[in-house]
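A short worksheet on the structure shown next.
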2 protein chains.
Amino acid sequence: MVTIKDVALAAKVSVATVSRVLNKTGYVHEDTKTRVLKAMEQLNYHPNEVARSLYKRESRLIGLLLPDITNPFFPQLARGVEDEIHQNGFRLIFGNSDENLDKELDYLQTFKQNHVVGVISATNDPGSANYKHLSMPIVFLDRTGEHAPSVFADGREGGRIAALEIIQRNSKRITLMKGPGHLQTARDRFNGALEILSGADVDFHVMSTETFSFREAQKRAEELFSLYPETDGVIASNDIVATAVLHEALKRKINVPDDLQIIGFDDIPQSELLFPSLSTIRQPAYEMGKEAAKLLLALMKNENIEQSAVQMPVTFIERQTTRKVDDNE
Amino acid sequence: MVTIKDVALAAKVSVATVSRVLNKTGYVHEDTKTRVLKAMEQLNYHPNEVARSLYKRESRLIGLLLPDITNPFFPQLARGVEDEIHQNGFRLIFGNSDENLDKELDYLQTFKQNHVVGVISATNDPGSANYKHLSMPIVFLDRTGEHAPSVFADGREGGRIAALEIIQRNSKRITLMKGPGHLQTARDRFNGALEILSGADVDFHVMSTETFSFREAQKRAEELFSLYPETDGVIASNDIVATAVLHEALKRKINVPDDLQIIGFDDIPQSELLFPSLSTIRQPAYEMGKEAAKLLLALMKNENIEQSAVQMPVTFIERQTTRKVDDNE
DNA sequence: TTGAAAGCGGTACCAT
DNA sequence: ATGGTACCGCTTTCAA
């Protein structure tokens, strides 16, 4: 491995000088700078980040903690984060936490041990002790943060929009699926929808799903249609659940969207690929990842950011599981 | 930050001794060992990985390079890798290469600068100069490696199986979609299917897709049905393309699987969620990730591994886009 | 069985 | 404008 010493030798200067041109700090004569640069070039020198990190007590690494990259909502987030930090010369240490606080703590620990300069976490529990005494900037992603820096979508508004749109399209007996109670984001969207439904002239009932797994959603979907066969509109807690409902409806030869409308939440990539394609409330996942990265980068430079909770807008994506809205209304 | 020095002070020993108990190396008296351990405990000491890495010239980090985590095939791979290395105390530096050799090189470079102990790469071009003089163990993932360590699925066999299964189920006029020519894996599965089709009593024609994007696949699917309306079986180059074909077929009210059978490739998670759910050739992505990690770990310990190209089996996943095979045949 | 000290590859202070 | 050198936190000889 070629070190700063080799470069110094080749350029006939001291390591201090090489360090100066490397970091563009302090005075260094144009000519010697050229010599040094040439030496670096010839030797194909790349500074050892580990040595740097040791002295400066900070690396060019950022920690990213996601519940499970295998869940289709998260890759978009991850990609947004990566694209943004990569531009700024940072790299990612990545881990899946499985919503497990011990695993989270373990990762946070190794992040620290590796001198990461900041972390982005999509934990369910931003209030956990894990984050209390974290001695570095952190931003929470996809989690409503009370006081901590965070980036999240406006779930409550999303819930409202979903309810409004389905009502506007004349569903009268609506089933509102409630996602896992321990997820703030799921609660928000549920409450938003509930708010509108309670104030509208429609019948509705609520059905809970404890996870976002397709398997469980399938079971609940079966129950839905046997218990409430009169349902003509479903507001699902996310796109996975909506997919399960659609699946079951098609299996029962229910006409979607004519006899049953379905609205999902998230707009994961495959929602568009379903047939009929899924109408849903879109969270701008990629952009959220980017925003979180931007916020973290800002936090790293400047201790006091004014706007440290950024709420991203959600939008209704009209596809084929909802009817066209009647112009005459 | 609490350092080894603090521990030494608290335990009234030298840093050397602390280091010894930390690494379980050399002699150290039971009693002093206990004292040291207690001091670590009390101070909540965690060794600085950066300092370690600097001295030893190797970290506990592994580099993972994927084309694009946003492509639904890759998260499974990533998860498999992570689970395996995590168990062994390693962590991941992760990057998306976008199949771009410069980005790849850039990542490989920063991996090195951070003292990663090995890399796992799903590059399209294992032969690239990028990997020629890489001074650390590497395993290629999802890429047929000629001589380098690699883990990949048996694409050729997958192609054969797809053709066999669709023929067995009585498709007579088959369209074989050919994936991007620059991807070895796509070529393999194509050639496997071609091998069987050419030897069978069926009509077939070949259609190329240059990417695996859903957009392009949609266009090609439209063309497929307008140019070859008599097609009664499609072997797609992967599940994304298969999904587009299914989409278009349903749009045209073609009865799947009665009048048209479709077989995909990969078995990405959403293939099961389609309606009708997609019959496909499954690559065990999660297991492939795990295998790659295992292989890398082995490579790191032992220079000479006998079996360094591990080929994983593919399986036909019978779902709803293929007909039941007739028992009487 | 333990400790002193050199060294990993940089950075930054202090001289000159 | 440049060089010498202490230091970042740990590991590993070497001596005691």
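Protein chains get the first letters and strands the later ones, always in sequence-line order, with residue 1 at the start of each.
Residue contacts shown for Val13(A) are limited to sugar-phosphate atoms, with no base heavy atom under 4.0 Å away. Looking at heavy-atom distances under 4.0 Å, Ser19(B) makes contact with a base. The residue Thr32(B) sits close only to the backbone: its heavy atoms come under 4.0 Å of sugar-phosphate atoms, none of a base.
Rounded to an integer number of Å, the gap from His46(A) NE2 to dG9(C) P is 16 Å. The CD atom of Glu30(B) sits 10 Å away from the P atom of dT1(C) (whole-angstrom rounding). Nucleotide dG9(D) holds its P atom 15 Å from the CG atom of Leu22(B), rounded to whole Å. Met1(A) has its CE atom 11 Å from the C1' atom of dG10(C), to the nearest Å. The separation between Asn114(B) atom CG and dG9(C) atom C1' is 13 Å, rounded to whole Å. Rounded to an integer number of Å, the gap from Leu9(A) CG to dG9(C) P is 14 Å. Remark: C1' of dG9(D) and CD of Glu58(A) are 16 Å apart, rounded to the nearest angstrom. Straight-line distance from the CZ atom of Arg52(B) to the P atom of dC8(D): 19 Å, rounded to whole Å.
Taking the side chain of Ser14(A) as heavy atoms from C-beta on, and the options dT2(C), dG3(D), dT11(C), the nearest nucleotide is dG3(D). Across dT11(D), dT2(C), dC13(C), the shortest atom-to-atom separation from the side chain of Val28(B) is found for dT2(C).
For the pair Asn114(B) and Arg60(A), the minimum side-chain heavy-atom distance is 4.5 Å or more.
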Practice problem: Show your working on salt bridge (Lys or Arg N to Asp or Glu O under 4.0 Å) between Asp83(B) and Lys290(B) and close with a plain yes or no. | Solution: CA-CA 7 Å; Asp83(B) 284 355; Lys290(B) 276 214 144 190; 5.7 Å; no
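Scanning both residues, Phe152(A) and Ala309(A), for their nearest heavy atoms gives CE2-CB, 4.3 Å. Residue Ser135(A) comes nearest to Lys112(A) through the heavy atom pair OG-CE, 3.9 Å, listed as atom of the first residue, atom of the second, then distance.
The pair Lys38(B)-Glu41(B) does not meet the salt-bridge criterion, since no charged nitrogen lies less than 4.0 angstrom from a carboxylate oxygen.
The cationic atom of Arg91(B) (NZ for Lys, CZ for Arg) lies less than 6.0 Å from the six-membered ring centre of Tyr107(A) and within 45° of the ring axis.
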Kindly give the atom pairs (protein nitrogen or oxygen, nucleotide nitrogen or oxygen) under 3.5 Å for nucleotides 5-8 of chain C.
from   : atom 1 : to       : atom 2 : distance (Å)
dC8(C) : O3'    : Arg57(B) : NH2    : 3.4
dC8(C) : O2     : Tyr55(B) : N      : 3.4

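Within the model, atoms CZ of Phe212(B) and CG of Leu183(B) stand 6.0 Å from one another, a figure rounded to the nearest 0.5 Å.
Between Glu291(B) and the choices Glu84(B), Gln311(B), Met312(B), the side chain to side chain contact (heavy atoms under 4.5 Å, CB included) rule is met once, by Met312(B).
At a non-hydrogen distance threshold of 4.0 Å, nothing from residues 33-45 of chain A comes into contact with DNA chain D.
Checked against a 6.0 Å centroid threshold, the rings of Phe140(A) and Tyr131(A) count as neighbours.
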